[in-house]
Amino acid sequence: MARLRRKACIALFLFTLFIFGTMMGLRTLKPSDGFSDLAPGLELLPMIGGKMDRRSVSSDGTASPGQARPPGSNAKAVLSNTGPEGTIFYDVHIFYYMWYGNPHMDGKYIHWDHILVPHWDPKIASSYPRGKHMPPEDIGSSFYPELNPYSSRDPDVLESHMEQIGASAAGVLVLSWYPPGVADDNGEPAEDLVPAVLDAAYRHNLKVAFHIQPYRGRNDQSVHDNIKYIIDRYGDHGAFYKFTTSTGKSLPLFYIYDSYLTPPESWSEFLTPTGSHSVRGSAYDSVFIALIVEERHKHDILAGGFDGMYTYFASNGFSFGSSHQNWKAIKAFCDGNNLLFIPSVGPGYIDTSIRPWNNHNTRNRVNGRYYETALQAALNVRPEIVTITSFNEWHEGTQIERAVPKKTVTRVYLDYQPHGPDHYLELTRRWAEQFNKEKEQWLM
């Protein structure tokens, strides 16, 4: 019996010694000893490998229309603001489209009458209908907008859109942009509408960033020209979005859609300090965010001189970049190479109204649960910015804009029931607030 007690005492002493040693060891660990990923705010260095660190708090304060904010003038960046609809957050960006038209404002329907895109394989294409939609009863979307098939030129529509975006708490709308006189295959040029969007955004304390779309002949030089045009024309507007870097510089931020269409060697001529027509250090220097679709694109994005990457697509599993399970690895790559990682989340995906053969990429909304799962996946990687796909990309069914039930002789549209038209705006606000609460804890 005495022997057992002695053994128990020895075991207890050794266990106590182990616990004490472990606690002392943990106390000596610094944040850099394997825990740096838990505190991204501690890694803000002015320069890494000769390249400016873009990872920092985002957004600038509010200026009046036409009033420029000098670079680096805000020592403490503004992360949020109060608009007519409540607090908004400038680290929540939402993709916005201004390509819609109707007979009242434009003389005809634009985009609502979208064609049924044929499959590239003629054998598969022959199994699906062709033609185009016939608004207003039949539109190129699986959902139906509360504002009906509207025109992006309608001032009342713009005002409603800004009110809805403000209600969602997203502080930056990312405007799909084509150069003057240029449009997508199904639209009409709309660059002349940018001033109205900026003015409407300003009235709601929102900011506007630009989403440079692919167009015929787009390359590094033409994008350089586009950036000059946008900054010269709109850079002094109070709603023009700027991202504040860790060095205090306040720079425009541009998303480059389908950036992989141009090789990294060409981008580097524009985006690296030694490039033949480098923008770095000039009056047009900006934060440039490329699209990651395939895994190999992350290396191309780095080589091209970009400042970060975003994923855009709202269909989890559609691409390497849009797959939630890959975000942790992408974020680690970005952190290791001084790049921003900006995940894109959406409420669902359904584009069969314009690509009837693409139902395998449909993602059911499940009354908002799909959206919340995506938002949680984004917050799990502790990003600087989160993007929402989308406010009003109706063709792909990613919109959070208000939608209503509608039934016609030939169609029954999807809707947000049993919830109301504001359901996804409300979910976005709830998660935007959660994002910013968690962000405060990450940076402590």
Side-chain angles (χ1 to χ4, degrees), residues 37-38 40 55 58 89 91-95 168-170 172 174 211 255 257-260 289-302 306 308-337 339-352 358-391 393 396-400 423-439 441-442:
D37 59 321
L38 299 181
R55 292 177 298 164
S58 64
F89 300 98
D91 49 10
V92 179
H93 298 186
I94 188 163
F95 295 108
S168 79
V172 179
V174 183
H211 197 192
Y255 293 88
Y257 189 69
D258 280 358
S259 48
Y260 59 84
I289 308 298
L291 178 67
I292 177 169
V293 180
E294 300 176 18
E295 184 173 12
R296 63 183 176 87
H297 290 158
K298 64 187 183 185
H299 301 288
D300 293 342
I301 289 166
L302 179 63
F306 284 94
M309 57 191 78
Y310 73 116
T311 61
Y312 186 76
F313 301 107
S315 182
N316 182 23
F318 168 71
S319 68
F320 173 84
S322 72
S323 300
H324 304 165
Q325 66 181 18
N326 297 326
W327 287 356
K328 186 177 180 181
I330 299 172
K331 178 64 158 56
F333 177 86
C334 288
D335 285 350
N337 290 282
L339 299 172
L340 284 165
F341 175 52
I342 304 179
S344 305
V345 302
Y349 187 93
I350 179 167
D351 66 356
T352 50
N358 197 35
N359 62 337
H360 59 283
N361 281 316
T362 295
R363 300 294 182 269
N364 195 303
R365 294 191 175 217
V366 204
N367 296 326
R369 290 198 293 279
Y370 178 87
Y371 193 28
E372 295 198 87
T373 299
L375 286 158
Q376 184 62 67
L379 267 58
N380 285 347
V381 299
R382 301 187 171 191
E384 196 76 46
I385 295 168
V386 170
T387 47
I388 308 295
T389 306
S390 64
F391 178 73
E393 219 298 7
E396 295 181 345
T398 62
Q399 81 291 334
I400 67 167
H423 181 51
Y424 292 95
L425 302 175
E426 292 166 355
L427 281 180
T428 306
R429 171 168 286 281
R430 189 188 312 161
W431 280 87
E433 291 170 350
Q434 180 66 23
F435 176 37
N436 277 270
K437 281 180 188 173
E438 292 191 15
K439 209 172 187 184
Q441 297 172 356
W442 304 340

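Note that this is a predicted model, so its numbers are computed, not measured.
- With sequence neighbours excluded, no residue satisfies ring-ring contact (aromatic ring centres under 6.0 Å, His included) with Phe89.
- Counting heavy atoms from C-beta outward, His211 and Phe95 have side chains that approach closer than 4.5 Å.
- At distances below 3.5 Å, at least one donor-acceptor pair connects side-chain atoms of Asn436 with backbone N or O atoms of Ala432.
- Residues Asn361 and Arg363 form a side-chain contact, since some pair of their non-hydrogen atoms from C-beta on lies under 4.5 Å apart.
- Classified by interplanar angle (parallel below 30°, tilted 30° to 60°, perpendicular above 60°), the ring pair His324/Trp327 is tilted.
- Looking at Phe320, Tyr310, Tyr260 one by one, the single match for side chain to side chain contact (heavy atoms under 4.5 Å, CB included) with Ile292 turns out to be Phe320.
- Ring planes of Tyr371 and Tyr424: tilted class, angle from 30 to 60°.
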>> Is there a side chain to side chain contact (heavy atoms under 4.5 Å, CB included) between Val386 and Ile342? Walk through the geometry before answering.
In response: CA-CA 6 Å; Val386 170; Ile342 304 179; over 6 Å; no
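- Counting only heavy atoms from C-beta outward, the side chains of Thr387 and Thr311 never approach each other to under 4.5 Å.
- Distance alone, capped at 3.5 Å, places no donor-acceptor pair between the His93 side chain and the Ile385 backbone.
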>> Determine whether Asn358 and Tyr349 satisfy the following criterion, side chain to side chain contact (heavy atoms under 4.5 Å, CB included), listing intermediate values before the conclusion.
In response: CA-CA 11 Å; Asn358 197 35; Tyr349 187 93; 4.2 Å; yes
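- Put simply, the side chain of Asn316 reaches to within 4.5 Å of the side chain of Ser323, judged on heavy atoms.
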> Can you list the steps and then say if Glu433 with Arg429 is a salt bridge (Lys or Arg N to Asp or Glu O under 4.0 Å)?
Replying inline: CA-CA 6 Å; Glu433 291 170 350; Arg429 171 168 286 281; 3.3 Å; yes
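- Looking only at side-chain heavy atoms (C-beta outward), Leu339 and Phe333 come within less than 4.5 Å of each other.
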>> Test side chain to side chain contact (heavy atoms under 4.5 Å, CB included) on Leu375 and Thr428; report intermediate values, then the result.
In response: CA-CA 9 Å; Leu375 286 158; Thr428 306; 5.9 Å; no
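- A donor-acceptor contact under 3.5 angstrom links the side chains of Gln434 and Glu438, judged on distance only.
- Two residues are said to be in side-chain contact when any heavy atoms from C-beta on lie closer than 4.5 Å; Met309 and Phe341 meet this criterion.
- Between Thr362 and Thr352, some side-chain heavy-atom pair lies under the 4.5 Å cut-off.
- Residues satisfying the side-chain contact (heavy atoms from CB on, under 4.5 Å) criterion with Asp300, sequence neighbours excluded, are Pro264, Arg296, His297.
- For Tyr312 and Tyr255, the distance between ring centers is not under 6.0 angstrom.
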